[in-house]
There are 2 protein chains.
Amino acid sequence: MDSRNFPLEALIAKVQRLSPVDDEDIAALRSLSHRTDRRRSQQYIVREGDKPTECCLLVDGYAARSKLSAEGGRQIVSFHVSGDMLDLQHLFLDRADHFVQAMTDVTLAWIPMPALRELISNRPRVGTAFWRDALIDASIFREWVLNVGRRDAKTRIAHMLCEFITRSEAAGLGSVESMRLPFTQEQIGDATGLTAVHVNRMLRELTEEGLIRRSPGMLQVRDWSGFRRVAAFDAAYLHAAA
Amino acid sequence: MDSRNFPLEALIAKVQRLSPVDDEDIAALRSLSHRTDRRRSQQYIVREGDKPTECCLLVDGYAARSKLSAEGGRQIVSFHVSGDMLDLQHLFLDRADHFVQAMTDVTLAWIPMPALRELISNRPRVGTAFWRDALIDASIFREWVLNVGRRDAKTRIAHMLCEFITRSEAAGLGSVESMRLPFTQEQIGDATGLTAVHVNRMLRELTEEGLIRRSPGMLQVRDWSGFRRVAAFDAAYLHAAA
DNA sequence: CGGTTCTTTGACGAGATTCAATGCCGGTGG
DNA sequence: CCACCGGCATTGAATCTCGTCAAAGAACCG
């Protein structure tokens, strides 16, 4: 069952990683009503201030959440891969407090909120999976506060890349040795609180140190344990979801 | 019913702000078993790596969550006031991924996790309140990523203080005109990704500009709308929980 | 191909850190 | 009662990391 024909399979795979669901739970997930949708790279999926009535699942491609500062600065606060719910929070919060944007061409599945709320309350194991998903997202945000607040530029960029690689691999997308990297250096800067120029300098150093190799749109890690060390990366905060 | 005699009243007040619970819901909350506990200022409440079996409610006083970087840097990722649940996440995640520490002498109420899980599943309106609480926490973390990543030092400190004042007021603790401030300048630096020295300089400027007045352990805002403007503070991300 | 976006590099400047010293305040014990 | 001590606040000077500005080269797209 690939995600083209069964858009919810990526979600089911993730729910199974998060909670010990049974066959009935999976059947209930699979029978969720939904409509699929495509967006081109860089298009917005949710805008700050929106009041969504459906919940958005990222079926295929990459997305990012971002916020804007008053002076026009942009901060990416997380990225997402296939199988991730992009606005679980709107099940319980009225208005979007940030933007969600496609980083590549994406396929989305929009699921009506009432159906999801019912699923959560009628199927406790699925509810637990969603709880865990939301709480792991929060743990990732905390790690990002630390990353942006207290690590130097090189460590910061390396850490963000380690997380991206770890989560992408868990979603079955490429490997440490060769991974699609759907971000420009400007976007890596937006995720790490740096400028594109400085990101470029740090990536050059990481390359010169033999830790990574870069080609357009791709990233290879040549020394994964060395790279994790430079990144001060410890995956505990992902709570084995990746 | 003050919190000394009825430790859970602060939680009930907060739940009522978050979700339209009925009398039975409140009765169920009030009958939650729990044990109260005190900690001195600066003591740890939860340590990274812990596997808690009870959930901790902050009944009285102030607390903060923090993480440590490999180089020994410390990042405070959120602060908490009375009525806040300090480790809701451990209902669904095994291990603590960060520290929770008392900022003042505190009173805590420890509630067994099974009782809380039952409450969430048997009382949907209470469950909704906890969902909203967890999701608002996540929204606050996102705002902190933006704060630390993209705002300059003065704005950053002012923003953190605006949030503290807004949430403290909502919890019934003081007013904009006169608020207890239970953080040293070092701790404000840990929350904003700055050094204590630079925090001091920025606080001096904010004072000289007539926006705030400081006295030991206290903060007065002399020009709330001017202060919010300097802080680029828009409370939308608190989702009316404060 | 021609234009656009992204990457790369250098020179310079600014904001924040580091280091160091002084002052302040509350608590404690002689 | 007061002297001492430790933690916190304050300030200045030197330094450094990262940002800004500018320009050129590489990759991508119609």
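Letters go in sequence order (proteins before strands), and every chain restarts at 1.
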Handout entry: Separation of B/Q75 CD from B/H98 NE2 (nearest 0.5 Å)
Key =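 Rounded to the nearest 0.5 Å, the NE2-CD separation comes out at 13.0 Å.
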Round to the nearest Å and state the distance from [X] atom [atom1] to [N] atom [atom2].
{"X": "A/E186", "N": "C/dT4", "atom1": "CD", "atom2": "C1'", "answer": "15 Å"}
{"X": "B/R204", "N": "D/dC8", "atom1": "CZ", "atom2": "C1'", "answer": "17 Å"}
{"X": "B/I157", "N": "C/dA16", "atom1": "CD1", "atom2": "C1'", "answer": "11 Å"}
{"X": "B/M202", "N": "D/dT10", "atom1": "CE", "atom2": "C1'", "answer": "13 Å"}
{"X": "B/H198", "N": "C/dC19", "atom1": "NE2", "atom2": "P", "answer": "17 Å"}
{"X": "A/E71", "N": "D/dG19", "atom1": "CD", "atom2": "P", "answer": "15 Å"}
{"X": "A/L206", "N": "C/dT8", "atom1": "CG", "atom2": "C1'", "answer": "16 Å"}
{"X": "B/M218", "N": "D/dA9", "atom1": "CE", "atom2": "P", "answer": "15 Å"}

Problem - 5′-ward residue of the pair A/T184/B/D152 relative to DNA chain C - result: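 Between the two, 5'-proximity favours A/T184.
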Nucleotide of [options] approaching [X] most closely (side-chain heavy atoms):
{"X": "A/P216", "options": "C/dT18, D/dA27, D/dT10", "result": "D/dA27"}
{"X": "B/Q185", "options": "D/dG19, D/dT11, D/dT10", "result": "D/dT10"}
{"X": "A/V197", "options": "D/dC18, C/dG10, C/dA16", "result": "C/dG10"}
{"X": "A/N200", "options": "D/dT10, C/dT9, C/dA16", "result": "C/dT9"}

Would you mind classifying the nucleic acid contact of [X] as base, sugar-phosphate or nothing, using non-hydrogen atoms under 4.0 angstrom?
{"X": "B/G217", "answer": "nothing"}
{"X": "A/L203", "answer": "nothing"}
{"X": "A/G73", "answer": "nothing"}
{"X": "B/R201", "answer": "base"}

Exercise for the section: Identify, between B/A196 and A/R156, the residue whose nearest nucleotide on DNA chain D lies closer to the 5' end. Expected result: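 Nearer the 5' end of the strand: B/A196.
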Handout entry: B/R214 atom CZ, over 12 foreign heavy atoms within 6.0 Å
Key =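 Above 12, so yes.
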Exercise for the section: Answer yes or no: does atom CZ of A/R35 have more than 12 heavy-atom neighbours from other residues, nucleotides or ligands under 6.0 Å? Expected result: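 Yes, the 6.0 Å shell around CZ holds more than 12 heavy atoms from other groups.
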Practice task
May I ask you to check whether B/H159 and B/Y237 place their ring centers less than 6.0 Å from one another?
Solution key: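 Under 6.0 Å, so yes.
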Practice task
Look at the aromatic rings of A/F164 and A/Y62 and report parallel, tilted or perpendicular, splitting at 30° and 60°.
Solution key: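 Rings of A/F164 and A/Y62: tilted, as their planes differ by 30° to 60°.
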Handout entry: OP1 or OP2 of C/dT17 under 4.0 Å from side-chain N/O of B/T195
Key =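 Answer yes for this pair, as a side-chain N or O of B/T195 is under 4.0 Å from OP1 or OP2.
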Exercise for the section: Compare side-chain N and O positions of B/R214 against OP1 and OP2 of C/dC24 and report whether any pair is under 4.0 Å apart. Expected result: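 No, no such contact exists.
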